There are 2 protein chains.
Amino acid sequence: MPGTKASEAIRREQILNAAYRVAVHRGLQGTRIQEVAARAGVSHGLVLFYFKSKRGLLLAVLDRLLATTTILHVGEDIRMIASPIESLLALLRQEMDRLSSEPQRIRLTFDYWTAGIRDREIRLKMRTEFQRYRDAFFPLASDVLARDPERFHGVTPMGLAAVSVSFINGCAIQAMLDPAFDIAQHLLAAENLLQFMHGAVVA
Amino acid sequence: MPGTKASEAIRREQILNAAYRVAVHRGLQGTRIQEVAARAGVSHGLVLFYFKSKRGLLLAVLDRLLATTTILHVGEDIRMIASPIESLLALLRQEMDRLSSEPQRIRLTFDYWTAGIRDREIRLKMRTEFQRYRDAFFPLASDVLARDPERFHGVTPMGLAAVSVSFINGCAIQAMLDPAFDIAQHLLAAENLLQFMHGAVVA
DNA sequence: TTGAGTATTGAACTCGCAGTCAATAGATTC
DNA sequence: GAATCTATTGACTGCGAGTTCAATACTCAA
């Protein structure tokens, strides 16, 4: 009855792929090992053989999700912008575009986020990931503060970075459930807010 | 074997109270009817008798959660502030304070939010609630835009209101899992951002 | 006090799914 | 081609939880 054999690496990859798709489709709680196995074209026994438990499988899916998440990339074009505030604006725009382009991934990420409330291991992984994301904002935030230290008296670069992340997260949340969510309008509003700041700096 | 009898209203209230506390503690998926019944001091059969199903119970808990959510309240003090932007700032501060003061409620809300991805009925309830919340920002947002229509060219009041909500949601998300999340720093950063805007307006 | 009506119970049923493991067939080696 | 190895299977187990419902005890009106 056993089917064709394959190397461990290939099988794990197959199963993880399947698990990811099922998790995206059904949610974390709704993910059943049977369905993952069916999608991967193996028996459910094999899934448990490789990942030991459902929890192990979902943790592996989380690792994969985080590993394949596009790390915040501050491209050459953004770095070339002379004004720090306009750079930050460009980065926010980029990230919001990315959010709207992969809704499924975002939904799954939030699913893990919620699960992290009650699961220590998930929580730690998520926390690490978000810290990394926030840290990527750090240099730009520093530049912004350095340009006008007096106005931002008391604000730390990490504080400003965190606020940027908050804004992006908040947009993601609204975009997740609200079909009428207007990304363009959000971008426009954010843009104007930051232009506002820029105007103040220049003046 | 039946215990003391009570009116329907009292029993529903008892059970809902218990269900809410269990849901807060265990999460939506982790809520078991047995535990709810135990907390309410009734049999699990009675819980099903009144709420028909677990789903029915959780929907009732959601109704209760939303009904008892403090509706965004723009107090006299805030309305008295002459500058629209400073009013908005005060409102953001108020809401962030509120977030940090009831973390359990926020967590449960996000739990339903996640569930809403796959459950149409929950989704609709959540959507309605968030729209109401967003609408409450509308008047203030309008005032802000009216004060300087040219700079905000193209931005709608609803757009600005949505951005405000995004910011608050984003803060809530970070605060939920990150123990080191610095509300004070967030407030400070937000405050400075808005002061910035205010300075531009005055200038 | 009694009887009807009903709120309440809890045993029993069902169902789905995670996890186990001995058997097995494909691969590999000599 | 035989022997060995091991990846793979699928039947089996057990449990946890939602749901059902007939029995039961409380309430209240007559």
Side-chain angles (χ1 to χ4, degrees), chain A residues 1-63 111-112 115 118-122, chain B residues 1-62 111-112 115 118-119 121-122:
Chain A
M1 299 166 183
T4 320
K5 296 186 176 182
S7 78
E8 174 171 336
I10 290 179
R11 273 288 129 89
R12 291 184 75 91
E13 192 59 21
Q14 273 184 358
I15 296 173
L16 272 183
N17 266 332
Y20 175 78
R21 284 186 296 166
V22 173
V24 156
H25 198 229
R26 304 278 191 196
L28 283 191
Q29 305 284 346
T31 298
R32 281 163 289 132
I33 290 183
Q34 281 285 5
E35 191 173 352
V36 171
R39 275 219 199 206
V42 299
S43 70
H44 84 277
L46 198 63
V47 174
L48 269 310
F49 175 78
Y50 277 115
F51 293 93
K52 192 180 120 242
S53 68
K54 179 181 180 178
R55 178 184 154 77
L57 176 64
L58 291 180
L59 282 174
V61 169
L62 176 56
D63 283 338
D111 220 337
Y112 275 108
R118 267 117 202 153
D119 186 309
R120 178 184 153 84
E121 202 163 348
I122 291 178
Chain B
M1 299 173 186
T4 322
K5 295 188 178 183
S7 78
E8 172 169 339
I10 290 178
R11 276 285 127 91
R12 293 185 74 92
E13 193 59 22
Q14 272 184 357
I15 296 173
L16 270 183
N17 266 332
Y20 175 79
R21 283 185 296 164
V22 172
V24 156
H25 198 230
R26 304 277 190 196
L28 283 191
Q29 305 284 345
T31 298
R32 281 165 290 132
I33 291 182
Q34 282 284 5
E35 191 173 351
V36 172
R39 273 219 201 207
V42 299
S43 70
H44 75 279
L46 197 62
V47 175
L48 270 309
F49 174 78
Y50 276 114
F51 293 94
K52 192 179 121 242
S53 67
K54 179 182 180 179
R55 179 184 153 78
L57 176 64
L58 290 181
L59 283 173
V61 169
L62 175 56
D111 221 337
Y112 274 108
R118 267 117 203 153
D119 186 308
E121 202 163 349
I122 291 178

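The structure presented is a predicted model; accordingly, all values stated were derived computationally and were not measured. Letters A, B, ... mirror the listed sequences (proteins, then strands); counts begin at 1.
- In this structure, Tyr50(A) does not reach the dA7(D) phosphate: none of its side-chain N or O atoms is under 4.0 Å from OP1 or OP2.
- Put simply, CZ on Arg12(A) is 12 Å from P on dT8(D), counting in whole angstrom units.
- If you measure from atom CD1 of Ile10(A) to atom C1' of dA7(D), you get 13 Å, rounded to the nearest angstrom.
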### Query
For Arg32(A) and Val36(A), what are the C-alpha separation, side-chain angles and deciding distance, and is it a side-chain contact (heavy atoms from CB on, under 4.5 Å)?
CA-CA 6 Å; Arg32(A) 281 163 289 132; Val36(A) 171; over 6 Å; no
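- The interatomic distance linking Leu28(B) (CG) with dA17(D) (P) rounds to 15 Å, in whole Å.
- Of the candidates dT27(D), dA27(C), dT8(C), the closest approach to any side-chain atom of Thr4(A) belongs to dA27(C).
- Between Asp111(A) and Arg26(A) there is no salt bridge, since no side-chain N of the basic residue sits under 4.0 Å from a carboxylate O of the acidic one.
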### Message
Within the 4.0 Å limit for protein heavy atoms, which parts of nucleotides 15-21 of chain C are touched? Write it as a string from 5' to 3', B for base, S for sugar-phosphate only, - for none.
### Response
--SSB--
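- At a threshold of 4.5 Å between non-hydrogen side-chain atoms, the residues Tyr112(B) and Val61(B) count as touching.
- Judged purely by atom type and a 3.5 angstrom limit, Lys54(A) uses its side chain to pair as donor or acceptor with the backbone of Thr31(A).
- Here dG16(D) presents its C1' atom at 14 Å from CD of Glu35(B), a figure rounded to the nearest Å.
- Remark: Arg39(B) fails to qualify as a cation-pi partner of Tyr20(B) under the 6.0 Å distance and 45° angle criteria applied to the six-membered ring.
- Arg11(A) and Glu8(A) are not joined by a salt bridge, as no carboxylate oxygen comes within less than 4.0 angstrom of a charged side-chain nitrogen.
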